[in-house]
Amino acid sequence: MKQFSLDLGETASLGREARAMLETLNEPQREAVVACDGPVLILAGAGSGKTRALTRKIAFLVTAHKLEPWQILAVTFTNKAAAEMRARCEQLLGPRAADLWLGTFHSIGVRILRRHGDLIGVPRGFVIYDQDDATNMIGRCLDKLGLDPKALPPKGIGQWIEAQKRECRGPEHAEIPLETHTDRTNLRVYTLYQEELKKAGAVDFSDLIWLPWRLATEHPTVAFEYKSRWRYVLVDEFQDTNRAQYKLLKAFLNDERRICVVGDDDQSIYGWRGAQVENILGFDRDYPDARVIRLEQNYRSTRTILDVSGALIAQNESRHGKTLWTERERGEAVRVYPAQTERDEAEYVGRRIEALRQDYSLSEVAIFYRTNAQSRAFEDVLRARGLPYRVIGGLRFYDRAEVKDILAYLKVLVNPADPISLERIINRPTRGIGKTTVDKCRAEADARGGTLWEAVCALAREPSAGLASKLAPFVELVLDLMTFAAAHSALETALEVLEKTSYLALLEADRSIEAQGRADNVKELLGAIGEFVERSADGTLGAFLDEVSLVSDLDGANLEDQTVSLMTGHTAKGLEFDVVFVTGLEEGLMPHFNSSDSESAIEEERRLTYVAMTRARHVLHLSHAASRRRFGQSKSAVPSRFLDGLPQNLLHQELGGYSLPSRSSGWGSGGGWGGQRGGWGGGGARQAQRPTDDVDAWVVDEVPDYENESQDASEGLQRGSRIFHTKFGEGRVLEVSGDGDKAKAKVMFADGVTRKMMASVLTLI
DNA sequence: TGTAGTGTCCGCTAA
DNA sequence: GGACACTACA
């Protein structure tokens, strides 16, 4: 076999093409590219050019070591990252890059299962269940077992099952915990759940990881095939892999052990979904001969941003520890804005964006927050100021009811055994098949031991059952669509579904704003299908469904156009922007309430904050609010502990609305920020103050109520008032009864129908 | 069987 | 503030 090892000193003997792959790299990057003959761990700090090193390495393997692209497996965290890496490899290697095995763990899992899944009872045409579908399925299982879903929330059981699958433990596995009664019940559900999934021809997200592992361990021929194929394995964002993913990698790794993992323990932010920092912290235990390379030169941020974020992450106890440095300029101070309310915070962000607009493109501005719900205030302000923005994440496009409806139709056409999708569409749009009928169909399916679809077909053919008149047309519809789908493209099929079900027509006939939005979403889905058919070599329905099952929040977001980006810190991982706002730096939010119980959870929150801060190239803003609306109520908040201990000389304290209401000036002036955690004293000119201890004393009831200002129709509503209703549109009040919260109004709407409803759902116009 | 209204619970991050 | 379950009524 060809000599695989190359020392740095030997690079002179490389061909011109291979040498080019080493150009303009710094020393550690070059070392990372060249180290090819055994396990390699690259500890890559934020902005240290790891994607650059990875793509160069792939190209180096092809040009210097003459590996075929299909002999290289590269695993990324998101589809977007995979697409970017493929594009960059194409620049280096040309069309050869198309043959690389490059994708997320989940997409590679799908690929393997599609090819060999039948060996472990996964049919070729399986569908992928998202968390929603899986939860529904668990609900069905509880039903069958006669268990009460209120006492045993399906979501919780789902998490338990997911935890087992993360350890590659099937229901029969010896190490399943059985200590408590809950464990034992969960196992009963898990067992049935797996059976039902099998019957349905479906797999869930975690199955996409652990079933391929099972394939490899139970079927040596399969393992052998991939072991001989993949001569080099690269893994990005290794700090966020879970145990099953690591096991999967090892199961397909051959004796040459040519694996290169890249990650940053300081950026591990997915512990809550099973990521094992230990994978990266203990990599050199698993592979004692692993070469460890550190990339510590940062090319992204100013020195100030680096120093401030570095001071934050240095407070974590459990970390490899590394010091990022840069040759870049000192840059501007990090601005800290103490806001009064979340509205005030959003206004500040809006003002700053307008000021910075001269120097930076809006596509280079990002607002980060801890929870998706926080986007609202920013959206309101940006909209009011006419600043274009885009929210990434939150309610995902493919999670919207109308989109899921259409996808459910398509899933049933591919795999009618899928009961979750079938139940979703059986009465949508309404065709008189209600719960009672569906229950009868379920019972029939159980009695015959077959699938729900078989039961529906059988009952449709049996007039004596009394359900046939409702079911027969539905069965005929689905059968027609199946025939159609077999001979047409994914896009044509989707159009046919909409046509035959009148789904879109019904939405368009409904004049309400919601229905219009839903109709738009359906059309957007059609656009996505059309785009997929054009782009993909395999434009089948099945391929499309696979893809949409695995889209992440970032996928499809066009970050280039002239809009401000809003997203959570989690979604921001791997991205960078010139101007960054890290918002909501308050105790309870960042760190989040649910993480306050353990030091390790706090450390993860700190890493999340660190990730958010290190996205910034030039200008970084940190902000917090004295009070924030949660669940419709104002709640007071103190600045996050993460603000303490930042180097004061690198911060610029903005004057903000964060101040005590005048009537309670008893806290005195100046020095009020000393606090128990320290670090905030000293700023004599600072206007903002906070109470040192008694948080509950914080006065919030004077916070202006922006949300409900001049909108509540329950006051001022009278006979003859013109009103607006989100569903029925404009109307005129005929009669008002009751008062206050309980006031009701009789309204004549534009469609000529009179309706009686709560006054609180109406808006005066 | 479907719909609107009401009550209740719950709340983070996500492929 | 929203998702969901339950109830009253058409």
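Here is the naming used below: chain letters follow the sequence lines, and residue numbers restart at 1 for every chain. The basis for the numbers below is simple: all heavy atoms, side chains too, and nothing from hydrogens, waters or symmetry mates.
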Participant: Do any side-chain nitrogens or oxygens of A:R607 fall under 4.0 Å of OP1 or OP2 in B:dT13?
Facilitator: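 False: A:R607 side-chain N/O out of range (4.0 Å or more) of B:dT13 OP1/OP2.
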Participant: Excluding sequence neighbours, so at least two apart, what forms side-chain contact (heavy atoms from CB on, under 4.5 Å) with A:S375?
Facilitator: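 Checked A:S375 against side-chain contact (heavy atoms from CB on, under 4.5 Å); matches are A:Y369, A:E379, A:V391, A:L566.
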Participant: Partners of A:V475 by side-chain contact (heavy atoms from CB on, under 4.5 Å), sequence neighbours excluded?
Facilitator: A:W453, A:V456, A:C457, A:A460, A:L479
Participant: Given that A:T371 and A:T104 both sit by DNA chain B, which one's nearest nucleotide is further toward the 5' end?
Facilitator: A:T371
Participant: Tell me the interatomic distance from A:H106, atom NE2, to B:dA14, atom P, rounded to whole angstroms.
Facilitator: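 Atom NE2 in A:H106 sits about 14 Å away from atom P in B:dA14.
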Participant: Taking DNA chain B as the partner, which of residues 566-576 of chain A come within under 4.0 angstrom of it by heavy atom?
Facilitator: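 A:T568, A:H570, A:T571 - these, ordered by number, are the residues of the stretch whose heavy atoms sit under 4.0 Å from the strand.
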Participant: A:Y246: what forms a ring-ring contact (aromatic ring centres under 6.0 Å, His included) with it, not counting sequence neighbours?
Facilitator: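 ring-ring contact (aromatic ring centres under 6.0 Å, His included) list for A:Y246, sorted by chain: A:F238.
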Participant: Calculate the interatomic distance between A:N372 atom CG and C:dG2 atom P; express it in whole Å.
Facilitator: 14 Å
Participant: Just N and O in the side chain of A:T436: are any of them under 4.0 Å from OP1 or OP2 of B:dT1?
Facilitator: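 True: A:T436 side-chain N/O within range (under 4.0 Å) of B:dT1 OP1/OP2.
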Participant: By a strict heavy-atom criterion of less than 4.0 Å, which residues belonging to residues 266-279 of chain A are in contact with DNA chain B?
Facilitator: A:Y270, A:W272, A:R273
Participant: Between B:dA14 and A:S552, is there an OP1 or OP2 to side-chain N/O distance shorter than 4.0 Å?
Facilitator: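 The answer is no; no side-chain N or O of A:S552 sits under 4.0 Å from OP1 or OP2.
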Participant: How close or far is atom P of B:dG11 from atom CD of A:Q374, stated in whole angstroms?
Facilitator: 17 Å
Participant: Could you check how far CG of A:D399 sits from P of B:dA15, rounded to whole Å?
Facilitator: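 Rounded to the whole Å, the gap is 10 Å.
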Participant: Looking at residues at least two apart in the chain, or sitting in another chain, which of them share a side chain to side chain donor-acceptor pair (under 3.5 Å) with A:T76?
Facilitator: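 Per chain and number, A:T76 pairs via side chain to side chain donor-acceptor pair (under 3.5 Å) with no residue.
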Participant: Can you list everything that forms a salt bridge (Lys or Arg N to Asp or Glu O under 4.0 Å) with A:E444? Sequence neighbours excluded, please.
Facilitator: A:R448
Participant: Holding to side-chain contact (heavy atoms from CB on, under 4.5 Å), I want the full list of residues that pass it with A:E167, two or more places apart in sequence or in another chain.
Facilitator: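 Counting only residues at least two positions away or on another chain, A:E167 forms a side-chain contact (heavy atoms from CB on, under 4.5 Å) with A:R169, A:R243.
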Participant: May I ask whether A:H592 stacks on the base of B:dC12, given the cut-offs of 5.5 Å between ring centres and 30° between planes?
Facilitator: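 A:H592 vs B:dC12: stacking yes.
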Participant: Determine yes or no for a side-chain-to-main-chain donor-acceptor pair under 3.5 angstrom, with A:R111 supplying the side chain and A:S107 the backbone.
Facilitator: no
Participant: What pairs with A:D133 under salt bridge (Lys or Arg N to Asp or Glu O under 4.0 Å), at least two apart in sequence or on another chain?
Facilitator: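 Salt bridge (Lys or Arg N to Asp or Glu O under 4.0 Å) list for A:D133, sorted by chain: A:K404, A:K411.
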Participant: Toward the 5' end of DNA chain B, which comes first, A:Q159 or A:K435, by nearest nucleotide?
Facilitator: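 Its nearest nucleotide lies further toward 5', so the answer is A:K435.
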Participant: Could you work out, with salt bridge (Lys or Arg N to Asp or Glu O under 4.0 Å) as the rule, every residue matching A:R370, not counting sequence neighbours?
Facilitator: A:E605
Participant: If the condition is side chain to side chain donor-acceptor pair (under 3.5 Å), which residues does A:D132 pass it with, not counting sequence neighbours?
Facilitator: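 For A:D132, no residue satisfies side chain to side chain donor-acceptor pair (under 3.5 Å) once neighbours in sequence are set aside.
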Participant: What protein N or O atoms touch nucleotides 8-10 of chain C N or O atoms at under 3.5 angstrom, if any, and at what distances?
Facilitator:
none

Participant: Measure the distance from NZ on A:K80 to C1' on B:dA15 and round it to the nearest whole Å.
Facilitator: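 It works out to 16 Å between those atoms.
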